[in-house]
Asker: 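Dropping the structure in here first, questions after.
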Amino acid sequence: MELDEKKYLYLLFILPLVVLVFLFNLYWKRKKQREFGDLEMVKKLSPESSVFKPVLKVSVLILALLGLILGLVNPKIGTKMETVKREGIDIVFAIDVSKSMLSEDVAPNRLDKSKQIVSQIINQLGSDRIGIVAYAGSAFPVLPITTDYSVAKMFLQSMNTDMVSSVGTSFNEAIKLSSTYFDDKKTSKLLIMISDGEDHNEGADEAAEEANKLGIKIITIGVGTEKGGTIPLKRNGIVEGFKKDNNNEVVITKLVPESLTAIAKATKGGYVNGNNTKEVLEYVKNALNNIQKTEFEATEMADFQSQFQWFLGFAFLLLFVDVFLLERKTSWVKKLDLFNENK
């Protein structure tokens with residue numbers, strides 16, 4: 001069971017308030033009766049007055065209010081289970097988080113641009129499984145293969161250049177780690193690598209060839225400009241300087257499409273410039289349409305249905321009954337004499 005509108009649960013505080021008002025009113029009546037005269041005399045002057053009926057009325061009112069509140073909260077109950085078969089492919093996003101991705105030669109910066117691209121690609125997916133890898137000088141698993149796109153986006157937005165400590169960029173490590181994500185041999189496999197193309201390690205070509213043998217197709221997306229840009233060093237959002245090399249000169253980082261193109265070519269994939277998001281989405285969409293989809297998962301899904309109508313119906317019924325409940329004694333209650341009222 002799940003609660004659709006939990007924010008209305010605070011209305012439950014009304015119930016003890018109603019009880020307190022009722023008790024205060026009962027106390028006030030008794031006090032006034034004492035001021036009027038002897039209680040036994042007052043009872044004789046109003047023989048039809050009942051102690052039970054006011055308690056019954058306030059109980060009905062409380063139950064009615066409880067029904068209304070639960071109706072607003074709208075409990076949902078899983079009424080049936082059904083098997084859902086999915087068709088799609090396995091996609092791993094390998095995102096470069098090296099310091100060069102902080103360059104602002106594309107707005108807002110290369111890393112944020114990469115996140116935007118991945119998020120937009122996820123938005124146009126259907127039932128494909130996705131995973132996320134971060135890499136710089138080494139690779140780091142961010143999110144294992146999943147169909148939960150909302151969780152994937154949450155992890156995506158948390159990525160930053162501090163999550164992988166190694167300096168530089170290693171396509172080799174990124175491809176090797178991404179390859180371990182594909183656990184189903186029958187499912188089509190796609191690796192989407194996003195980077196500025198600056199590879200400071202060797203072995204990318206060999207890793208791409210190995211990925212090709214495993215049936216993994218690689219699409220590379222280049223983010224940045226070939227003219228290049230500096231790497232700002234910020235504290236609390238304020239630029240304090242720019243990254244410098246060992247000669248104390250400001251580093252200029254550039255997009256290197258050649259390395260990305262070579263990786264994609266080795267797996268019969270493709271390269272696309274990521275500066276135009278619309279073009280990237282169109283390119284990836286066409287690529288996905290040309291990849292064979294396979295049935296890879298059968299998931300038991302609970303079909304939750306709203307139950308608010310039952311609580312509201314119960315509440316309105318009690319309110320209707322409450323209208324006809326008078327505070328004077330009724331014959332059958334009088335015979336029961338639950339509160340010794342006839343003595």
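For the single chain, residues carry numbers from 1 onward in sequence order. What's counted below: heavy atoms across the whole structure, side chains too, no hydrogens, waters or symmetry copies.
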Asker: Does any non-hydrogen side-chain atom of Leu156 lie less than 4.5 Å from one of Val142?
Answerer: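 No - every pair of side-chain heavy atoms lies 4.5 Å or more apart.
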Asker: Any Lys/Arg nitrogen of Glu104 or Lys234 sitting under 4.0 Å from an Asp/Glu carboxylate oxygen of the other?
Answerer: yes
Asker: Using a distance-only test with no angle check, is there a side-chain donor-acceptor pair under 3.5 angstrom linking Asn160 and Ser158?
Answerer: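 No, no side-chain donor-acceptor pair sits under 3.5 Å.
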Asker: Give a yes-or-no answer on whether the side chains of Ser127 and Lys293 include a donor-acceptor pair shorter than 3.5 Å.
Answerer: no
Asker: With under 30° as parallel and over 60° as perpendicular, where do the rings of Phe24 and Tyr27 fit, or are they tilted in between?
Answerer: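 Ring orientation of Phe24 relative to Tyr27: tilted.
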Asker: Exactly one of Lys113, Lys227, Arg110 should register a side chain to side chain donor-acceptor pair (under 3.5 Å) with Asp105. Which one does?
Answerer: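 The option that passes is Arg110.
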Asker: Looking only at side-chain N and O atoms, does Asn273 offer a donor or acceptor that is under 3.5 Å from a partner on Asn275?
Answerer: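 Yes, a side-chain donor-acceptor pair sits under 3.5 Å.
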Asker: Just do the side chain to side chain contact (heavy atoms under 4.5 Å, CB included) check on Lys153 and Asn123 with the steps written out, would you?
Answerer: CA-CA 10 Å; Lys153 287 184 179 180; Asn123 286 342; 2.2 Å; yes
Asker: Would Met101 and Ser114 count as a side chain to side chain contact (heavy atoms under 4.5 Å, CB included) if you check the C-alpha gap in whole Å, the side-chain angles of each, and the deciding distance to 0.1 Å?
Answerer: CA-CA 9 Å; Met101 295 297 285; Ser114 300; 3.3 Å; yes
Asker: Does the side chain of Ile221 reach to within under 4.5 Å of the side chain of Tyr283, using non-hydrogen atoms?
Answerer: no
Asker: So do the side chains of Leu68 and Leu312 get within less than 4.5 Å of each other, counting heavy atoms only?
Answerer: yes
Asker: Has Lys254 got more than 12 heavy atoms of other residues, nucleotides or ligands less than 6.0 Å from its NZ?
Answerer: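 Atom NZ in Lys254 is not crowded, with 12 or fewer foreign heavy atoms closer than 6.0 Å.
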Asker: Counting heavy atoms not belonging to Gln309, are there more than 12 under 6.0 Å from its CD?
Answerer: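 Yes, because the 6.0 Å sphere around CD of Gln309 holds more than 12 heavy atoms from other groups.
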Asker: With no hydrogens and no angle check, do the side chains of Glu198 and Thr253 hold a donor and an acceptor under 3.5 Å apart?
Answerer: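 Side-chain D/A pair, Glu198 to Thr253: present.
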Asker: Keeping Asn212 on the side-chain end and Ala208 on the backbone end, is there a donor-acceptor pair under 3.5 Å?
Answerer: no
Asker: For Ser195 and Asp96, run side-chain hydrogen bond (donor to acceptor under 3.5 Å, both in side chains): C-alpha distance rounded to whole Å, both residues' side-chain angles, the deciding distance at 0.1 Å, then the answer.
Answerer: CA-CA 5 Å; Ser195 174; Asp96 187 349; 2.8 Å; yes
Asker: So, taking the atom named CG in Leu9 and the one named CG in Leu72, what distance separates them when rounded to the nearest 0.5 Å?
Answerer: 10.0 Å
Asker: Report the C-alpha distance between Ile192 and Leu190 in whole Å, list the side-chain angles of each, state the deciding distance to 0.1 Å, and finish with yes or no for side chain to side chain contact (heavy atoms under 4.5 Å, CB included).
Answerer: CA-CA 6 Å; Ile192 299 178; Leu190 176 64; 4.0 Å; yes
Asker: Are Asp183 and Lys189 ion-paired here, with the side-chain N under 4.0 Å from a carboxylate O?
Answerer: no
Asker: In terms of side-chain geometry, is the basic nitrogen of Asp205 or Lys265 positioned less than 4.0 Å from the acidic oxygen of its partner?
Answerer: no
